[in-house]
Amino acid sequence: MPQFDVTIAGELNLDLILYGLPEDLPPERELLARRMMLTLGSSSAIVAHNLAALGCRVGFQSRIGDDELGQMAVDRLAAGGVDVSKVLRRPGATKTGLTVILQREKLRNILTYPGTIFDLAMADLDFEYLSSAGHFHFSSFYLQRGLTRHVGALFRRLKAAELTISLDTNDDPENRWHDGLLDVLHYVDVFLPNTREIKLITGAADLDAAVAQMAEHVPLVVVKMGEDGALAQRGKERVQAAAIRVDFVDPVGAGDSFDAGFLSQYVRGAELQHCLKWGNAAGAFSTTMPGGTEAFRDRERLAAFFGNLD
């Protein structure tokens, strides 16, 4: 039996979320937030944390600075049940990344200091560790610049080791949406963009056209549509699932939480409709508390919410 259900290599940092700022942010003014939250951030770590909360055995590799924020992030991930034995701490001037989210009622700004996120490289990865699972997940394709041009080689080795692979690109800070992505999709079993991302990647204005185009490259395309739920395309088969309504706090990490919910059932061989249902549930549950992992840290609420799902 593999050591893990899922392994992940990716970024690890904290999110500082500020709430209650004005919609407009004029320069040279001291603008006051009504409240704040410092929580585990980074798409890769949120997926890992929430997969573990949903009962999966998760191994995680990353690179952080030798600083307090990095230690806090590792501790939070470990407390969530993720194996962090392969997280590397590197001394030097480059510190652990940090994302500051300015969350307002109608919009948000996401400001990231990349730090060691850019530094994680193929030489840092323990392939034997990553391949000791049935499935490998990769997030933040465009942000992990030390790995981006090597992702195809990594995926090829993992496929040779008989792992299935999922990919969520997340946003492209350069707004180019290519950088070899189509080449690596050849190795991907499950592609997990949101509506905006799949349109930008394919250049299609229409969602149906974008999904049809992407389905020519990937066996299973899963699109997160926010309040409209989610859809999955496998060949000519199309499955959709409605969103789950909850008391909303913020959207931070909802897409990554969807990935965790979907994959928690996918790696167990569940039917596609069931995987979508769990993805929508995990995404919705994430929004009931600040940040991407706080809801999943409350084990009593977690058990009550997902216990009623089936």
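Values in this document were obtained by computation on a predicted structure and should not be read as measured data.
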Quiz prompt | Expected output: side-chain Gln61 to main-chain Asp126 donor-acceptor under 3.5 Å | solution = yes

Quiz item: Is any side-chain heavy atom of Lys86 closer than 4.5 Å to a side-chain heavy atom of Tyr129?
Solution: yes

Practice problem: Could you tell me whether Arg268 atom CZ has more than 12 heavy atoms of other residues or ligands within 6.0 Å of it? | Solution: yes

Practice problem: Measure the acute angle between the ring planes of Phe306 and Phe296, then classify it against the limits of 30° and 60° as parallel, tilted or perpendicular. | Solution: tilted

Exercise. Check the side chains of Ser43 and Asp256 for a donor-acceptor pair under 3.5 angstrom, ignoring hydrogens and angles.
Key: yes

Quiz item: Any side-chain heavy-atom pair from Ile64 and Val74 closer than 4.5 angstrom?
Solution: yes

Quiz prompt | Sub-4.5 Å side-chain heavy-atom contact between Leu125 and Leu120 | solution = yes

Quiz item: Would the Tyr266 and His135 ring centres measure less than 6.0 Å apart?
Solution: yes

Practice problem: With Phe138 as reference, evaluate Leu147, Thr169, Ile8 under the side-chain contact (heavy atoms from CB on, under 4.5 Å) test and give the passing residue. | Solution: Leu147

Self-check item: CZ (Arg157) with more than 12 external heavy atoms under 6.0 Å
Solution: no

Exercise. For Glu271, look at atom CD and say whether over 12 heavy atoms of other residues, nucleotides or ligands are found less than 6.0 Å away.
Key: no

Quiz item: Is a side-chain donor or acceptor of Ser42 paired with a backbone partner of Ser44 at a separation under 3.5 angstrom?
Solution: no

Quiz item: When you look at Lys95 and Asp66, which way does the salt bridge (Lys or Arg N to Asp or Glu O under 4.0 Å) test go after all the steps?
Solution: CA-CA 7 Å; Lys95 304 303 181 183; Asp66 188 17; over 6 Å; no

Self-check item: Donor-acceptor contact below 3.5 Å, side chain Thr96 vs main chain Gly65
Solution: yes

Quiz item: Below 4.0 angstrom, N of the basic side chain to O of the carboxylate: do Arg301 and Glu294 qualify?
Solution: no

Practice problem: With side-chain contact (heavy atoms from CB on, under 4.5 Å) as the test, would you mind laying out the steps for Leu302 and Glu300 before giving the verdict? | Solution: CA-CA 5 Å; Leu302 180 74; Glu300 186 174 337; over 6 Å; no

Quiz prompt | Donor-acceptor under 3.5 Å (Gln233 side chain, Gly235 main chain) | solution = yes

Exercise. Kindly check if the number of other-residue, nucleotide or ligand heavy atoms within 6.0 Å of CG (Asp24) is above 12?
Key: no

Exercise. State, yes or no, whether a side-chain contact exists between Leu12 and Val87 at a heavy-atom distance under 4.5 Å.
Key: yes

Practice problem: Examine distances only and state if a side-chain atom of Gln240 and a backbone atom of Gln273 form a donor-acceptor pair shorter than 3.5 Å. | Solution: no

Exercise. Show your working on side-chain contact (heavy atoms from CB on, under 4.5 Å) between Val151 and Tyr187 and close with a plain yes or no.
Key: CA-CA 10 Å; Val151 169; Tyr187 304 103; over 6 Å; no

Practice problem: Could you give me the CA-CA distance, side-chain angles and deciding distance for Arg90 and Asp67, then say whether salt bridge (Lys or Arg N to Asp or Glu O under 4.0 Å) is met? | Solution: CA-CA 9 Å; Arg90 292 288 188 253; Asp67 52 69; over 6 Å; no

Quiz item: Between the main-chain N or O of Gly10 and the side-chain N or O of Ser62, is there a donor-acceptor pair closer than 3.5 Å?
Solution: yes

Quiz item: Just by distance, with hydrogens left out, do Thr112 and Thr99 show a side-chain donor and acceptor under 3.5 Å apart?
Solution: yes

Exercise. Would you check if there is a donor-acceptor pair between the side chains of Asn50 and Ser257 at a distance under 3.5 Å?
Key: yes

Quiz item: Counting N and O atoms only, with roles assigned by atom type, does the side chain of Lys199 sit under 3.5 Å from a partner on the main chain of Asp206, one being a donor and the other an acceptor?
Solution: no

Quiz item: Do the side chains of Leu200 and Leu231 join up, straight or via other hydrophobic residues, at under 4.5 Å, putting them in one cluster?
Solution: yes

Exercise. Taking the side chain as every heavy atom from C-beta outward, state whether Asp15 and Leu40 have any atom pair closer than 4.5 Å.
Key: no

Practice problem: Go through the side-chain N and O atoms of Asp247 and Thr288 and say whether any donor and acceptor fall under 3.5 Å apart. | Solution: no

Quiz item: Would Arg35 and Tyr19 count as having a side-chain donor-acceptor pair, cut-off 3.5 Å?
Solution: no

Quiz item: Among Leu51, Asp5, Val6, Asp168, which residue meets the side-chain contact (heavy atoms from CB on, under 4.5 Å) test with Leu263?
Solution: Leu51

Quiz item: Residues two or more places apart in sequence or in another chain: which of them pass side-chain hydrogen bond (donor to acceptor under 3.5 Å, both in side chains) with Gln71?
Solution: Asp75, Arg89

Exercise. Following the transitive rule for hydrophobic clusters with a side-chain heavy-atom cut-off under 4.5 Å over Ile, Leu, Val, Met, Phe, Trp and Tyr, establish whether Val190 and Leu272 coincide in one cluster.
Key: yes

Self-check item: Check: Trp278 ring centre within less than 6.0 Å of Phe258 ring centre
Solution: no

Quiz item: How long is the gap from CG on Leu167 to OG on Ser139, to the nearest 0.5 Å?
Solution: 8.0 Å

Quiz item: Does atom CZ of Arg34 have more than 12 heavy-atom neighbours from other groups under 6.0 Å away?
Solution: no

Self-check item: Shortest non-hydrogen contact from Ala241 toward Leu276
Solution: CB-CB, 3.8 Å

Self-check item: Note, Phe191 side chain near Val222 side chain (heavy atom, < 4.5 Å)
Solution: no

Quiz item: How about Glu23: does its CD atom have over 12 heavy atoms from other parts shown lying under 6.0 Å from it?
Solution: yes

Quiz item: Is it true that Asp208 and Arg238 make a salt bridge, defined as a side-chain N closer than 4.0 Å to a carboxylate O?
Solution: yes

Quiz item: Could you walk me through whether Asn170 and Tyr142 pass the side-chain hydrogen bond (donor to acceptor under 3.5 Å, both in side chains) check?
Solution: CA-CA 8 Å; Asn170 302 104; Tyr142 301 107; over 6 Å; no

Quiz item: Is there a path from Val218 to Ile201 through hydrophobic residues (I, L, V, M, F, W, Y) whose side chains come within less than 4.5 Å of each other?
Solution: yes

Exercise. Go through the steps to decide whether Arg57 and Asp83 satisfy the test salt bridge (Lys or Arg N to Asp or Glu O under 4.0 Å), and finish with yes or no.
Key: CA-CA 8 Å; Arg57 298 168 299 152; Asp83 184 271; over 6 Å; no

Exercise. For Asn280 and Ala242, indicate whether the former's side chain and the latter's backbone hold a donor-acceptor pair under 3.5 Å.
Key: yes

Quiz prompt | Salt-bridge present (Asp259, Lys224; N to O < 4.0 Å) | solution = yes

Quiz prompt | Lys159 and Asp189: CA distance, side-chain angles, deciding distance, salt bridge (Lys or Arg N to Asp or Glu O under 4.0 Å) verdict | solution = CA-CA 10 Å; Lys159 292 299 289 185; Asp189 297 281; 2.8 Å; yes

Quiz item: For Glu237, does the CD atom have more than 12 heavy-atom neighbours from other residues, nucleotides or ligands under 6.0 Å away?
Solution: yes

Quiz prompt | Min side-chain heavy-atom separation Ile244-Leu309 under 4.5 Å | solution = yes

Quiz prompt | Hydrophobic cluster identity match, Leu69 and Ile17, side-chain contacts under 4.5 Å | solution = no

Self-check item: Exam field: side chain Arg145 to backbone Ile117, donor-acceptor pair closer than 3.5 Å
Solution: no

Quiz item: So Arg104 and Leu25, side-chain contact (heavy atoms from CB on, under 4.5 Å) or not? Walk me through it.
Solution: CA-CA 11 Å; Arg104 278 96 82 206; Leu25 302 177; 4.0 Å; yes

Quiz item: Quick one: does Asp172's side chain have a donor or acceptor within less than 3.5 Å of a partner on Trp177's backbone?
Solution: yes

Quiz item: Any chain of hydrophobic side-chain contacts (each under 4.5 Å) joining Ile101 to Leu21?
Solution: no

Exercise. For the residue pair Gln103 and Leu18, establish whether any side-chain heavy-atom pair is separated by less than 4.5 Å.
Key: no

Quiz item: Do His137 and Ser166 get their side chains close enough for a donor-acceptor pair, meaning under 3.5 Å?
Solution: yes

